[in-house]
Amino acid sequence: MIRLVALGRSNAEIAGELLLGRATVKTHVSRVLTKLKLRDRTQLAAFAHRNGLV
């Protein structure tokens, strides 16, 4: 999921690709941001690129 965020996919696009609900994707992204102590999806994308996830 982090990779898809880093590639610029919206929650709706991620949900469609992973066969999940949009609310589920939103919850997962929010929890990842909290656990990694990041502010937003942009910081998550930068994190993914720095750590070779993309």
Side-chain angles (χ1 to χ4, degrees):
M1 186 172 305
I2 294 173
R3 184 181 66 79
L4 295 174
V5 171
L7 292 173
R9 302 290 201 295
S10 69
N11 286 349
E13 291 170 329
I14 294 170
E17 195 165 328
L18 299 179
L19 304 175
L20 299 170
R22 280 188 238 158
T24 302
V25 172
K26 185 176 179 179
T27 298
H28 285 306
V29 170
S30 178
R31 288 182 179 167
V32 168
L33 292 173
T34 299
K35 287 181 182 193
L36 295 176
K37 298 180 181 169
L38 301 172
R39 275 191 321 260
D40 53 33
R41 294 170 73 97
T42 303
Q43 285 190 337
L44 182 56
F47 171 88
H49 285 281
R50 275 194 313 270
N51 289 284
L53 301 175
V54 179

Side chain to side chain, [X] and [Y], heavy atoms closer than 4.5 Å:
X   : Y   : answer
R41 : V29 : yes
L20 : M1  : yes
L44 : I2  : yes

Worksheet entry | Contacts of type salt bridge (charged side-chain N to carboxylate O under 4.0 Å, His left out), residue E17, not counting sequence neighbours | R9
Item to complete: For A15, check side-chain contact (heavy atoms from CB on, under 4.5 Å) against everything at least two apart and list the hits.
Response: R22, V25
Worksheet item: Can any side-chain N or O of N51 pair as donor or acceptor with the backbone N or O of L53 at less than 3.5 Å?
Response: no
Discussion item. Under a 3.5 Å distance rule, please check whether T34 uses its side chain to pair with a backbone N or O of S30 as donor and acceptor.
Written reply: yes
Discussion item. In this structure, would L4 and L36 fall into the same cluster of hydrophobic residues linked by side-chain contacts under 4.5 Å?
Written reply: yes
Discussion item. Under 4.5 Å between side-chain heavy atoms, counting indirect links through other Ile/Leu/Val/Met/Phe/Trp/Tyr residues: same cluster for L18 and V32 or not?
Written reply: yes
Worksheet item: When rounded to the nearest 0.5 angstrom, what distance separates OG1 in T27 from CG in N11?
Response: 9.5 Å
